[in-house]
Amino acid sequence: MTKPALPPSMRMLRKNREVLLFNDKETEVMTRFFQKYKIQSKSRFFRETIISAILRKMEEDHPTLF
């Protein structure tokens, strides 16, 4: 199932680049993972995984009253 395209006014343009470097073993593990789970977009996978981890950590660390 494909997602409907958003109108241009609602799209968030990605214009900031971050670079990650991996060693040979890490790349081998990721390649096998992507093949096994049929992940086609590495960029999307990394974005979603990183943002999920950040949001989860921020939720855990938020101040509480009691």
Side-chain angles (χ1 to χ4, degrees):
M1 175 182 248
T2 59
K3 294 181 181 178
L6 292 173
S9 62
M10 294 181 69
R11 291 185 199 144
M12 293 182 70
L13 181 62
R14 292 185 183 95
K15 58 184 178 179
N16 301 297
R17 179 180 301 271
E18 296 295 331
V19 178
L20 298 171
L21 298 175
F22 299 101
N23 64 33
D24 292 339
K25 293 282 187 190
E26 292 166 336
T27 301
E28 183 181 324
V29 169
M30 286 188 298
T31 300
R32 279 191 267 133
F33 181 85
F34 294 144
Q35 289 173 347
K36 179 177 180 177
Y37 293 101
K38 297 178 177 61
I39 295 171
Q40 296 177 358
S41 174
K42 291 180 186 180
S43 295
R44 179 179 177 184
F45 174 81
F46 289 131
R47 263 195 320 274
E48 290 176 355
T49 304
I50 292 167
I51 295 299
S52 295
I54 291 169
L55 292 174
R56 187 171 34 254
K57 184 66 173 168
M58 289 176 71
E59 183 68 27
E60 292 171 3
D61 293 346
H62 78 281
T64 57
L65 293 174
F66 303 101

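Residue numbers run from 1 in the order of the sequence given.
Note on ring orientation: taking the six-membered ring where Trp is involved, the planes of F46 and F34 are perpendicular (angle over 60°, cut-offs 30° and 60°).
For the atom pair CD1 of I54 and CD1 of I51, the computed distance is 4.5 Å after rounding to the nearest 0.5 Å.
Applying the side-chain hydrogen bond (donor to acceptor under 3.5 Å, both in side chains) test to pairs two or more places apart or on separate chains, those with a residue in residues 30-43 are E28-R32. Every pair passing side-chain hydrogen bond (donor to acceptor under 3.5 Å, both in side chains) that includes a residue from residues 45-57 is listed here, sequence neighbours excluded: R44-E48.
Atom CG of N23 is surrounded by more than 12 heavy atoms from other residues, nucleotides or ligands within 6.0 Å.
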